[in-house]
Amino acid sequence: MTSVRVLTLNSGSSSLKAAVYDMGHVETQVLSMAATRIGLPGSRVQFAAADGHMLLDREQSLPDHEAALRVLLRWLEQERPSLGLDVVGHRVVHGGGRHWTPELVTPDLLASLEAFVPVDPDHMPQALSGIRAVASAYPGVRQVACFDTGFHRELLPAARRYALPNDLVESGIVRYGFHGLSYEYIMRELGRLEGGTAEGRVVVAHLGNGASMAAIRGGRSLDTTMGFSPTGGLVMGTRCGDLDPSVLVYLIRERRMSPDAVGALINQQSGLLGVSGRTGDMRDLLDQEASDRRAAAAVDLFCYQAKKSLGASAATLGGLDVLVFTGGIGEHAAPVRERITAGMEFLGIELDPEPNRRHDPVISTDRSRVIVRVIRTNEELMVARHASRLVAGG
């Protein structure tokens, strides 16, 4: 197989991750870049070489994703002018009901994806501006869009549908689900680690600034917590998660809030940030909870809602064989994992405190009927795999 050099771009709600890979018989990461805490105090930019050596690591004001992308492209232009890219792959959060599998970027695709900007204003504008910025920086290099919704294309009909009139459902107001590239990567890793057990009843908890959970059986996503947009489901860094829809009607009608103001409220001012009144970052909240009751309330609410969704996911699957924690919180916050699984022995979950504290790959006891794992996700590598195969004709 001829090696394909891929640049990947992954815009999260408060982060921008990028990497350069050589994809052939061996998958080799050449460079990595991360911009974190975008729009927050203490934002940071890091560039690292293949061996992990830090090429750049500094605090830098990053008011938005465009600023982070400018830093990335400027650094590549100055420090790596001869990258020799074959393709650029993008994580695109929403593909709607038309775009399930990776696609080469065309003007028609861009026009189609513009329709999802009102549905997900926190991700889609960044992804589309990233595609356009790359087209300007690397004219002639092919680009591939990889959709987070694709993994959930076979949801159970009852999970897909909302109890709305048929004409609204047929117009596309349904549950799509997100974080699909992360789930896809985790399930491939789980198959490598656990063999046939990965084909059983699996719940993956992708917990980060954006958070969701998926109930998976036979490698198929049957249900997931996020819905029509990434706002629904679990409590998140700045997103409220599930909410009585009449609250929104009340805010518009009685509080005279505009739709834009309501959108900003539920996506940028709620969640952990809204409850704590100080921060949407779980690391900060865990540091503060002993002395700040609102920080403690935010952590408790996050864990409580995740515990409820874990039980619901197990009910969908008819039991549980494997539970996987991933994402920034899932991989690094041992107290959160402990609180979510506490009292779940009736499901067969028994956490081992010391392995959990150390973030070991397996954190369940030998007696636990459910295997509980911590697996680091890698959406960028999943994008690189899709992009390289598409341009290679696979």
Side-chain angles (χ1 to χ4, degrees), residues 12-17 34-46 48 52 54 57-65 68 122 179 182 205-213 230 233-241 265-310 323-344 351-361 363 372-377:
S13 51
S14 65
S15 65
L16 173 65
K17 298 177 183 178
T36 55
R37 297 176 67 93
I38 295 173
L40 300 170
S43 52
R44 195 169 201 89
V45 177
Q46 297 172 309
M54 201 61 68
D57 183 4
R58 71 182 182 212
E59 282 197 16
Q60 180 166 344
S61 175
L62 297 173
D64 52 37
H65 284 74
D122 287 340
H179 287 140
S182 175
H206 178 112
L207 307 179
N209 189 58
S212 70
M213 201 173 285
L234 305 179
V235 174
M236 294 171 245
T238 63
R239 284 172 260 169
C240 61
L265 172 69
I266 62 175
N267 283 297
Q268 299 157 19
Q269 301 161 13
S270 297
L272 296 174
L273 173 63
V275 177
S276 72
R278 297 181 65 175
T279 178
D281 192 294
M282 181 60 78
R283 293 166 295 186
D284 297 339
L285 294 169
L286 289 171
D287 288 341
Q288 298 164 6
E289 66 171 336
S291 58
D292 186 333
R293 61 180 178 80
R294 293 194 297 179
V299 176
D300 286 344
L301 183 57
F302 181 93
C303 297
Y304 175 75
Q305 295 291 351
K307 183 192 291 283
K308 283 178 61 178
S309 291
L310 174 57
L323 169 63
V324 179
F325 286 100
T326 192
I329 296 172
E331 295 165 25
H332 302 296
V336 171
R337 296 191 299 257
E338 180 182 359
R339 294 182 208 186
I340 291 172
T341 56
M344 304 295 271
L351 224 59
D352 196 329
E354 280 306 304
N356 182 52
R357 182 184 60 79
R358 296 191 302 261
H359 313 297
D360 284 358
I363 59 174
V372 184
R373 279 192 168 271
V374 178
I375 301 177
R376 182 181 180 184
T377 194

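For this chain, numbers begin at 1 and follow the sequence in order. Quick caveat, the model's predicted, so the values are computed rather than measured.
Closest approach of Leu62 to Ala35, counting heavy atoms only: CD1-CB, 3.7 Å. Minimum heavy-atom separation, Ala295 to Ser276: CA-CB, 4.2 Å. The minimum heavy-atom distance between Asn356 and Glu338, with the atom names listed, is ND2-CB, 3.9 Å. Taking all atoms of both residues into account, the shortest heavy-atom contact from Ala306 to Met213 is O-CE, 3.5 Å. Closest approach of Pro335 to Leu286, counting heavy atoms only: CB-CD2, 4.3 Å. Closest heavy-atom contact between Met282 and Val299: SD-CG2, 3.9 Å.
When the shell of 6.0 Å around NZ of Lys307 is examined, it contains more than 12 heavy atoms from other residues, nucleotides or ligands.
The structure places CD1 of Ile38 at 11.0 Å from OG of Ser61, a figure rounded to the nearest 0.5 Å. Atom CZ in Phe302 sits 5.5 Å away from atom CD1 in Ile340 (nearest 0.5 Å). Within the model, atoms CG of Leu323 and CD1 of Ile363 stand 7.5 Å from one another, a figure rounded to the nearest 0.5 Å. The SG atom of Cys303 sits 11.0 Å away from atom CG of Leu234, with the distance rounded to the nearest 0.5 Å. Between the CZ atom of Arg358 and the CG atom of Asp352 there is a distance of 7.5 Å, given to the nearest 0.5 Å. Distance check: Thr36 OG1 to Asn209 CG gives 11.0 Å after rounding to the nearest 0.5 Å.
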Exercise. Going through the distances and angles, do Arg278 and Asp284 end up as a side chain to side chain contact (heavy atoms under 4.5 Å, CB included)?
Worked result: CA-CA 9 Å; Arg278 297 181 65 175; Asp284 297 339; over 6 Å; no
For this session: Applying side chain to side chain contact (heavy atoms under 4.5 Å, CB included), run through Ser182 and Thr326 and close with a yes or a no.
Result: CA-CA 9 Å; Ser182 175; Thr326 192; 4.1 Å; yes
Problem set entry | Check against side chain to side chain contact (heavy atoms under 4.5 Å, CB included), Gln269 and Thr238 | CA-CA 5 Å; Gln269 301 161 13; Thr238 63; over 6 Å; no
Exercise. Which is it for Val372 and Leu351 under the side chain to side chain contact (heavy atoms under 4.5 Å, CB included) test, yes or no, and what are the steps along the way?
Worked result: CA-CA 7 Å; Val372 184; Leu351 224 59; 3.9 Å; yes
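With a 4.5 Å cut-off on side-chain heavy atoms, Arg239 and Ile266 do not count as touching. By the 4.5 Å heavy-atom criterion applied to side chains, Arg373 and Pro361 are counted as neighbours. With contacts defined as side-chain heavy-atom distances shorter than 4.5 Å, the pair Leu272/Thr279 does not qualify. Residues Val374 and Arg337 have side chains in contact (heavy-atom distance under 4.5 Å, counting atoms from C-beta outward). Side-chain contact between Leu265 and Ser270: present, with at least one pair of heavy atoms (C-beta onward) separated by less than 4.5 Å.
Evaluation of the side chain to side chain donor-acceptor pair (under 3.5 Å) rule for Asn267 yields Thr231 as partners, not counting sequence neighbours. Taking Arg293 as the reference, nothing meets the side chain to side chain donor-acceptor pair (under 3.5 Å) condition, with sequence neighbours excluded. The side chain to side chain donor-acceptor pair (under 3.5 Å) search around Arg376 returns none, not counting sequence neighbours. Evaluation of the salt bridge (charged side-chain N to carboxylate O under 4.0 Å, His left out) rule for Arg294 yields no partner, not counting sequence neighbours. In this structure, Ser309 has no side chain to side chain donor-acceptor pair (under 3.5 Å) partners at least two apart in sequence or on a different chain. Under the salt bridge (charged side-chain N to carboxylate O under 4.0 Å, His left out) criterion, Asp122 pairs with no residue at all, not counting sequence neighbours.
A salt bridge between Glu289 and Arg339 is present, with a side-chain N of the basic residue lying under 4.0 Å from a carboxylate O of the acidic one. Using a cut-off of 4.0 Å between Lys/Arg side-chain N and Asp/Glu carboxylate O, Asp57 and Arg44 are scored as salt-bridged.
With Glu331 contributing its side chain and Gly327 its backbone, the two residues share a donor-acceptor pair below 3.5 Å.
Aromatic ring orientation, His206 versus His179: parallel (interplanar angle below 30°, classes split at 30° and 60°).
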